[in-house]
Amino acid sequence: MSLPRAHDLIWIADRSALESDQALPEWVSHWRTHLPLVVCRGQRADGAIAVGIRGMTRTQRATAWVAASSIVRTVTPESLVANPVSLLHSRFISLPPMQSLITFASLKWPWTWGVTGSCAYTMASDIPAMHAESNLDLLIRCDQPVSPEAFRELSNTLQQLPCRTDVQIVTPQGGFALSEWLQGGEVELATDAGSVQVRDPWQPLS
């Protein structure tokens, strides 16, 4: 089984699988394993996976590590939009982020893409982490170099959607914000070892 990647949602069978170098917040003791964890960027010598824990309020956020062997289920950003017709049956269809996602999914794009953030968490868990003012967060995988001009049509489409939409472009080296890439110059590239400023986000890091 392949290891999960950043932005994947994973489930564990036992809360005791959560590890942290510091004491986790008290509310984590009430966290239930029917809720997903969000895979984060990070690396540890023993191969443990960095995860984000979401509580029931916006202020309840924590980070931890889990062993790959403790994962019982994985949902990827791409799998959540694999069947665009199913989005029409979401009970959250009245919310602008879901409406934006439906519109975006109805169009043909040359990239492999998926949904992340609160919209993905809501879709995967049926917990209303997304609200009317939420942004729509999308991920586009680009293993090969692409010029900013190739994303102009996409950028124009995003501006027509009924909510703010943020897109992260993921390369083999890490992820960066499309909006920053379109401005020209360097971008902040999020990698497993931390964030770095780069001019070419596809260039292997030394």
Side-chain angles (χ1 to χ4, degrees), residues 1-15 27 30-41 49 51-62 66 70-143 151-170 175 177-179:
M1 185 177 80
S2 60
L3 292 176
R5 298 180 288 186
H7 302 290
D8 283 357
L9 298 171
I10 62 173
W11 283 256
I12 57 176
D14 193 329
R15 189 169 58 239
W27 61 263
H30 304 290
W31 178 83
R32 296 292 179 260
T33 55
H34 70 276
L35 298 174
L37 300 164
V38 184
V39 176
C40 304
R41 294 191 181 279
I49 296 164
V51 296
I53 311 168
R54 295 183 70 132
M56 299 308 293
T57 69
R58 297 183 193 178
T59 60
Q60 291 180 337
R61 299 288 187 273
V66 297
S70 68
I71 299 171
V72 297
R73 181 189 175 201
T74 301
V75 169
T76 67
E78 296 93 328
S79 68
L80 289 171
V81 296
N83 181 6
V85 175
S86 68
L87 302 179
L88 298 173
H89 302 292
S90 170
R91 71 184 184 94
F92 303 100
I93 194 171
S94 64
L95 297 178
M98 182 59 69
Q99 294 173 1
S100 297
L101 181 61
I102 290 170
T103 298
F104 190 85
S106 70
L107 304 173
K108 299 297 184 182
W109 303 106
W111 308 288
T112 298
W113 69 278
V115 60
T116 64
S118 62
C119 186
Y121 189 92
T122 297
M123 293 170 66
S125 68
D126 212 34
I127 299 295
M130 172 180 56
H131 52 84
E133 290 75 37
S134 294
N135 292 353
L136 173 63
D137 297 299
L138 301 175
L139 171 154
I140 293 176
R141 300 197 189 277
C142 287
D143 290 342
F151 293 111
R152 292 296 178 188
E153 180 183 356
L154 170 63
S155 179
N156 292 337
T157 298
L158 299 181
Q159 295 176 31
Q160 306 303 316
L161 298 178
C163 77
R164 176 184 170 86
T165 304
D166 296 316
V167 175
Q168 183 176 87
I169 307 299
V170 178
L178 173 61
S179 58

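Taken from CD1 in Ile71 to CG in Leu3, the straight-line distance is 7.5 Å, to the nearest 0.5 Å. For the atom pair Met123 CE and Leu101 CG, the distance stands at 5.5 Å (nearest 0.5 Å). Taken from CD in Gln168 to NE2 in His7, the straight-line distance is 4.0 Å, to the nearest 0.5 Å. Between the OG1 atom of Thr165 and the CG atom of Leu138 there is a distance of 6.0 Å, given to the nearest 0.5 Å. Atom CG of residue Asn135 and atom CZ of residue Arg164 lie 5.5 Å apart, to the nearest 0.5 angstrom. Here the CD atom belonging to Gln60 is positioned 3.5 Å from the OG1 atom belonging to Thr57, to the nearest 0.5 angstrom.
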Test side-chain contact (heavy atoms from CB on, under 4.5 Å) applied to Leu37 and Trp31, step by step: CA-CA 11 Å; Leu37 300 164; Trp31 178 83; 3.5 Å; yes
Full working for side-chain contact (heavy atoms from CB on, under 4.5 Å) between Ile140 and Leu178: CA-CA 9 Å; Ile140 293 176; Leu178 173 61; 5.6 Å; no
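Val51 has its side chain out of reach of Ile12: every pair of non-hydrogen atoms, C-beta onward, lies at least 4.5 Å apart. In this structure, the side chains of Ile127 and Met56 come closer than 4.5 Å at one or more pairs of heavy atoms. Between Thr157 and Gln160 the shortest side-chain heavy-atom distance does not fall below 4.5 Å. Contact annotation: the side chain of Pro77 approaches that of Asp8 to within less than 4.5 Å [non-hydrogen atoms, C-beta and beyond]. Using a 4.5 Å heavy-atom cutoff, the side chains of Arg54 and Arg61 are in contact. Thr33 has its side chain out of reach of Asp14: every pair of non-hydrogen atoms, C-beta onward, lies at least 4.5 Å apart.
Closest non-hydrogen pair, Asp126 versus Phe92, comes out as OD1-CE1, 3.5 Å. Of all heavy-atom pairs spanning Pro4 and Thr74, the tightest one is CB-CG2, 4.4 Å. Between His30 and Arg15, the shortest heavy-atom distance links the atoms C-NH1, 4.5 Å. What you find for Ala129 and Ser134 is that their closest heavy atoms are O-OG, 4.4 Å. Across every non-hydrogen atom of Ala6 and Leu139, the tightest pair is O-CD1, 4.5 Å. What you find for Leu9 and Val38 is that their closest heavy atoms are CD2-CG2, 3.6 Å.
Listed by chain and residue number, Glu78 satisfy the salt bridge (charged side-chain N to carboxylate O under 4.0 Å, His left out) test with Arg141 (two or more places apart in sequence, or in another chain).
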Let me have the donor-acceptor pairs involving side chains of residues 110-117, under 3.5 Å, with sequence neighbours excluded, atom names and distances please.
residue, atom, partner, partner atom, Å
Thr116, OG1, Asp137, O, 3.4

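With Trp11 contributing its side chain and His34 its backbone, the two residues share a donor-acceptor pair below 3.5 Å. With hydrogens and angles ignored, the 3.5 Å screen pairs no side-chain donor or acceptor of Trp109 with any backbone N or O of Leu154. At distances below 3.5 Å, at least one donor-acceptor pair connects side-chain atoms of Thr122 with backbone N or O atoms of Ser118. Between the side chain of Ser155 and the backbone N or O of Phe151 there is no donor-acceptor pair closer than 3.5 Å. The backbone N or O of Leu87 sits nowhere less than 3.5 Å from a side-chain atom of Ser90 that would complete a donor-acceptor pair.
By the neighbour-count criterion of 12 heavy atoms within 6.0 Å, atom CD of Glu153 is sparsely surrounded, having that number or fewer from other residues, nucleotides or ligands. Heavy atoms from other residues, nucleotides or ligands lying under 6.0 Å from CZ of Arg91 number more than 12.
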